[in-house]
Amino acid sequence: MARHLITSAIPYINGIKHLGNLVGSQLPADLYARYLRGRGHEVMFLCATDEHGTPAELAAAKAGKPVAEYCEEMHGVQAEIAEGFRLSFDHFGRSSSPQNHRLTQHFAKQLYEQGLIREVSETQMYSPTDGRYLPDRYIEGTCPNCGFDSARGDQCDNCTKQLDPVDLIDPRSVISGATDLEMRETKHLYLRQSTMKDELEKWIDSKADWPILTTSIAKKWLNDGDGLQDRGITRDLDWGIPVKRGDEDWPGMEGKVFYVWFDAPIEYIACAQEWVDAGKGEDWERWWRTDKGADDVTYTQFMGKDNVPFHTLSFPATILGSGEPWKLVDYIKSFNYLNYDGGQFSTSRGRGVFMDQALEILPADYWRWWLLSHAPESGDAEFTWENFQTSVNKDLADVLGNFASRVTKFCRSKFGEEVPQGGAQTPLETRLIADLTTKIREYETHMEAMEIRKAAAALRAAWVLGNEYLQEAAPWATFKEDPEQAAMQIRLALNLIRLYAVISAPFIPDACATLRTAMRTEDAGWPDDVAAALEVLAPGHAFSVPENIFRKITDEEREDWQSRFAGTR
RNA sequence: GGGCCUGUAGCUCAAUUGGUUAGAGCAGGGCGCUCAUAACGCCUUGGUUGGGGGUUCGAGUCCCUCCGGGCCUACCA
């Protein structure tokens, strides 16, 4: 039994996420957490909403609500959807929590005392009409290079030239359209991560087993151009964590807040404090402080590739730079993007399926199975309705669902609704047990390596073994000559249903719960010994025939959904 | 512009890191079974590994080049 700390990249508060976001972090993290719990390990699985920053302020304004109220509401919405997808967080926190305020300010103080913070004076576009400083991307104007009239302050979408907001001709605020923009001098804090480049690089180099996607992005940032750059960690905003050194004011930083990318990862830690304060557990430090019990914790992070630089460099710089014994990540599992039917998911154009819509259409297990078995691990992956339909119908309804159905219904008609007794195993059963053992060990190997698609394939192969066995054993034929032999065969098959319910639960928890209920067993012990696991349901044990646990997606539904989610909702 | 990833069967993906005849699932074809959600099982068709060149006894894998797809480029988060 080991101790595993697992975090998923925290979703931004602004709106409901699409399936690509889900499969890039929360869902695989949940799979891994459920698997490790199933193996009997002690798991702490944390996630939260990322609530600060300009987009949250603007979204709140658009909704006509104070930003704090907007965030509280949206946190509730996201928490409910997460529950709908059966994401088994030990706690789903908020980066705006008091715990995170204190901890973020604490880290800032530590970094300051370690000499890792410097003040930088810079000029920034200010919009009197909007009453706020504008990030580069919230300024538009005419491109000095190509004349495109909607070039953004950071880059021209037409000619791709990198721009500075001051380069733009006739700049205007994206928010209000105001043109009375002015440059104002403002002071900000920078994290001197450049001084930690060697330490960070050495640490990254020691992680030879990380996905290439993770290390290649990290090395790019370490070595590109002039190497790792210092990073601004404060912003001129109202909504955020006030810049302080611990609980002391920070002279010159009045009215400023920490940049969301500084406080968001710290929320991983603060979230564990929230977990304690919510009465869900007692000691959060044994998960996060290596001097207080966390030295035997294995910490794994899950995220989409866009999040990698912050998790490989900025956050480790914060942790290491603090000079305190915080737990550093051991493994970073990163994902590529999921595309939608030949293009990208698009929030603004309503293209693709969003988490709330997905659950309105079908139960969580259908989505979980498809998304996880097609997780974008080696490259970007693509969702198509045809593929979704065939995968779900074939794998879940035909291979697994129908297996449970044929076994329970056959038993009911020949022996009644209890596990029949009699008969002795033959070499056929010995072989099945050997094949299952091989396949389950393979499944475990892939799960432990977080090779998600391979794990799904191995699991499916284990389901197929059940159907193969039935075909060969043919209890319906055996029953005519030797009912006891048929009883042994079907007893084994009934036990196989329970075994599948145990090993499949990380992927499809609801269906597995239904199966365990039908088999009337609470026993979710992992089949370390397959032969023994297939004798858990003893002769005489009552069960019931489950309703079909997976229904099929019809061609009509598929076509309907295809047009419904094509865009511009 | 720079960098990274990617291109393998009609489709979605593998290939033990340079080692026999490139493998699975789905789709297609044939056969079998009848317990089951017209489900299951067995057999089978199908590939000049994007094109070209090179290194090597040997290349899907390494190098060069061209073509296609995607991502990142530090103030969206």
Side-chain angles (χ1 to χ4, degrees), chain A residues 9-14 50 52-56 58 122 124-125 133-139 152-155 160-162 164-165 174 188 212-213 215-217 219-221 223-225 228-232 235 259-261 264 304-310 313-314 336-337 339 344 370 373-374 376-384 386-391 393-399 401-414 451 453-454 456-457 460-461 464 466-479 486 489-490 493 545 547-552:
Chain A
I10 66 178
Y12 198 64
I13 193 69
N14 171 16
D50 177 13
H52 298 132
T54 310
L58 297 179
E122 53 194 21
Q124 179 137 24
M125 282 281 188
Y133 283 90
L134 297 176
D136 291 357
R137 296 197 187 192
Y138 286 93
I139 301 162
R152 290 178 314 180
D154 57 337
Q155 184 178 40
T160 74
K161 187 176 171 60
Q162 306 277 307
D164 202 281
V174 170
H188 282 296
I212 294 170
L213 186 65
T215 48
S216 66
I217 291 173
K219 288 189 175 184
K220 168 69 161 57
W221 282 57
N223 298 312
D224 194 38
L228 187 62
Q229 300 297 298
D230 291 344
R231 198 171 176 91
R235 290 292 183 272
Y259 180 38
V260 290
W261 262 114
K305 58 185 169 188
D306 51 335
N307 275 326
V308 168
F310 304 98
L313 303 169
S314 306
N336 287 283
Y337 291 145
N339 290 319
Q344 295 185 351
W370 189 90
S373 62
H374 293 80
E377 292 176 297
S378 57
D380 290 351
E382 174 149 323
F383 176 91
T384 65
E386 289 84 357
N387 193 310
F388 179 66
Q389 181 192 25
T390 55
S391 286
N393 288 357
K394 200 72 199 168
D395 299 347
L396 296 182
D398 294 346
V399 178
N402 181 54
F403 177 81
S405 188
R406 66 194 295 204
V407 170
T408 51
K409 286 179 182 171
F410 178 79
C411 187
R412 179 173 61 185
S413 75
K414 305 299 183 198
E451 295 265 23
R453 280 191 307 217
K454 288 178 183 173
R460 185 190 187 283
V464 168
N467 284 310
E468 286 176 351
Y469 170 74
L470 284 185
Q471 183 65 29
E472 277 201 65
W476 48 89
T478 320
F479 182 77
Q489 293 168 336
I490 216 65
V545 174
E547 286 307 303
N548 287 345
I549 56 172
F550 294 106
R551 72 174 186 83
K552 294 204 190 188

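A note on names: the letters A, B, ... follow the listed sequences, proteins ahead of strands, and every chain is numbered from 1.
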Candidate pair A:Lys552 and A:Asp398, rule side chain to side chain contact (heavy atoms under 4.5 Å, CB included), full reasoning: CA-CA 9 Å; A:Lys552 294 204 190 188; A:Asp398 294 346; 2.7 Å; yes
For A:Trp261 and A:Asp50, run side chain to side chain contact (heavy atoms under 4.5 Å, CB included): C-alpha distance rounded to whole Å, both residues' side-chain angles, the deciding distance at 0.1 Å, then the answer. CA-CA 9 Å; A:Trp261 262 114; A:Asp50 177 13; 5.5 Å; no
Please determine whether side chain to side chain contact (heavy atoms under 4.5 Å, CB included) holds for the pair A:Ile490 and A:Phe479, giving the CA-CA distance in whole Å, both sets of side-chain angles, and the decisive distance to 0.1 Å. CA-CA 10 Å; A:Ile490 216 65; A:Phe479 182 77; over 6 Å; no
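Partners of A:Tyr259 under the side chain to side chain donor-acceptor pair (under 3.5 Å) rule, at least two apart in sequence or in another chain, do not exist in this structure. Residues meeting the salt bridge (Lys or Arg N to Asp or Glu O under 4.0 Å) test with A:Arg453, sequence neighbours left out: A:Glu377. A:Lys305 is linked by a side-chain contact (heavy atoms from CB on, under 4.5 Å) to A:Leu213, A:Ile217, A:Asn336, A:Tyr337, A:Asp380, counting only residues two or more places apart in sequence or in another chain.
Taking the side chain of A:Ser405 as heavy atoms from C-beta on, and the options B:C75, B:A36, B:C26, the nearest nucleotide is B:A36. Side-chain proximity of A:Arg235 to B:C75, B:A77, B:U73: nearest is B:C75. The nucleotide whose nearest atom lies closest to any side-chain atom of A:Trp261 is, among B:A77, B:A74, B:A36, B:A77. Here the nucleotide nearest the side chain of A:Lys454, chosen from B:A74, B:C26, B:A14, is B:A14.
In this model, the phosphate group of B:C75 is approached by a side-chain N or O of A:Arg231 to a distance below 4.0 Å at OP1 or OP2. Listed pair A:Tyr259 / B:A77 meets the phosphate criterion, a side-chain N or O lying under 4.0 Å from OP1 or OP2. Residue A:Lys409 places at least one side-chain N or O closer than 4.0 Å to OP1 or OP2 of B:U37.
Checked by atom type and distance alone, the side chain of A:Tyr469 never pairs as donor or acceptor with a backbone atom of A:Ala474 at under 3.5 Å. Under a 3.5 Å cut-off, the side chain of A:Ser391 and the backbone N or O of A:Phe388 do not form any donor-acceptor pair.
If you take CZ of A:Phe383 and C1' of B:C26, they are 16 Å apart, rounded to a whole angstrom. Rounded to an integer number of Å, the gap from CG of A:Asn336 to P of B:C13 is 11 Å. Separating the CD atom of A:Glu122 from the P atom of B:A74 is a distance of 15 Å, rounded to the nearest angstrom. Note: CZ (A:Arg460) to C1' (B:A14) measures 15 Å, nearest angstrom. Rounded to an integer number of Å, the gap from A:Tyr12 OH to B:C75 P is 15 Å. Between A:His188 atom NE2 and B:C75 atom C1' the separation is 10 Å, expressed in whole Å. At whole-Å resolution of the value, NZ in A:Lys305 and P in B:C5 are 11 Å apart. One interatomic measurement links the two molecules: CG of A:Asp136 to C1' of B:U73, which rounds to 14 Å at whole-angstrom precision.
Nucleotides B:C43 and B:U6, compared at atom P, are 34 Å apart to the nearest Å. On the P atoms, B:A59 is 12 Å away from B:G54, given to the nearest whole Å. B:A9 and B:U61: their P atoms are spaced 15 Å apart (whole Å). Distance noted for atom P between B:U17 and B:G10: 29 Å (whole Å). Rounded to a whole angstrom, the distance from the C1' atom of B:A39 to that of B:U49 is 36 Å. Here the separation of B:G3 from B:C66, taken at their P atoms, is 13 Å to the nearest Å. For the C1' atoms, the distance from B:A27 to B:U45 is 12 Å, rounded to whole Å. When the C1' atom is used for both B:U16 and B:A77, the distance is 39 Å, rounded to whole Å.
Shown here for A:Thr478 and A:Ala473, the closest heavy-atom pair between the two residues is OG1-O, 3.0 Å. Shortest non-hydrogen contact noted between A:Leu58 and A:Tyr138 is CD1-CE2, 3.3 Å.
In this structure, A:Arg235 and A:His52 have side chains that are not in contact, with every pair of non-hydrogen atoms separated by 4.5 Å or more. Contact annotation: the side chain of A:Phe403 approaches that of A:Leu470 to within less than 4.5 Å [non-hydrogen atoms, C-beta and beyond]. Counting only heavy atoms from C-beta outward, the side chains of A:Pro475 and A:Phe410 approach each other to under 4.5 Å.
Once the 5.5 Å centre distance and the 30° plane angle are applied, the aromatic ring of A:Trp476 is found stacked with the base of B:C35.
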Identify each atom pair where a protein N or O and an N or O of nucleotides 7-12 of chain B are less than 3.5 Å apart, giving names and distance.
{"residue": "B:U12", "atom": "O4'", "partner": "A:Asn387", "partner atom": "ND2", "Å": "3.4"}

Under 3.5 Å, which protein N or O atoms sit close to an N or O of nucleotides 39-41 of chain B? Give each pair with its distance.
{"residue": "B:A39", "atom": "OP1", "partner": "A:Lys552", "partner atom": "NZ", "Å": "3.2"}
{"residue": "B:A39", "atom": "O5'", "partner": "A:Lys552", "partner atom": "NZ", "Å": "3.1"}
{"residue": "B:A39", "atom": "O2'", "partner": "A:Asn402", "partner atom": "OD1", "Å": "3.4"}
{"residue": "B:A39", "atom": "O2'", "partner": "A:Asn402", "partner atom": "ND2", "Å": "2.3"}
{"residue": "B:C40", "atom": "OP1", "partner": "A:Lys394", "partner atom": "NZ", "Å": "3.1"}
{"residue": "B:C40", "atom": "OP2", "partner": "A:Lys394", "partner atom": "NZ", "Å": "3.4"}
{"residue": "B:C40", "atom": "O2'", "partner": "A:Arg406", "partner atom": "NH1", "Å": "3.0"}
{"residue": "B:C40", "atom": "O2", "partner": "A:Gln471", "partner atom": "OE1", "Å": "3.2"}

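In this structure, A:Ile549 reaches the bases: a heavy-atom distance under 4.0 Å links it to at least one base atom across the strands shown. Within the 4.0 angstrom heavy-atom criterion, no nucleotide atom of any strand lies near A:Glu547. In this structure, A:Asp50 reaches the sugar-phosphate backbone alone: every heavy-atom distance under 4.0 Å involves primed, P, OP1 or OP2 atoms, never a base. When heavy atoms are screened at a 4.0 angstrom cut-off, A:Lys414 is found touching no nucleic acid atom at all. At a threshold of 4.0 angstrom between heavy atoms, the contacts of A:Arg551 with the nucleic acid are absent. Here A:Pro55 lies in heavy-atom contact (under 4.0 Å) with sugar-phosphate atoms only.
Taking syn as a glycosidic angle within 90° of 0, B:U12 does not qualify and is anti.
Toward the 5' end of RNA chain B, the nearer of the two residues A:Tyr138 and A:Phe550, judged by each one's closest nucleotide, is A:Phe550. Mapping A:Asp306 and A:Leu228 onto RNA chain B by nearest heavy atom places A:Leu228 closer to the 5' end of the strand.
Put simply, CD on A:Glu472 and CG on A:Asn467 are 12.5 Å apart, with the number rounded to the nearest 0.5 Å. Between A:Asn387 atom CG and A:Glu382 atom CD the span is 9.0 Å, to the nearest 0.5 Å.
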Given pairs defined as Watson-Crick or G-U wobble with both distances under 3.5 Å, what dot-bracket annotation applies to RNA chain B, with ( ) intrastrand, [ ] crossing, | other strand and . unpaired? (((((((..((((.....[...)))).(((((.......))))).....(((((..]....))))))))))))....
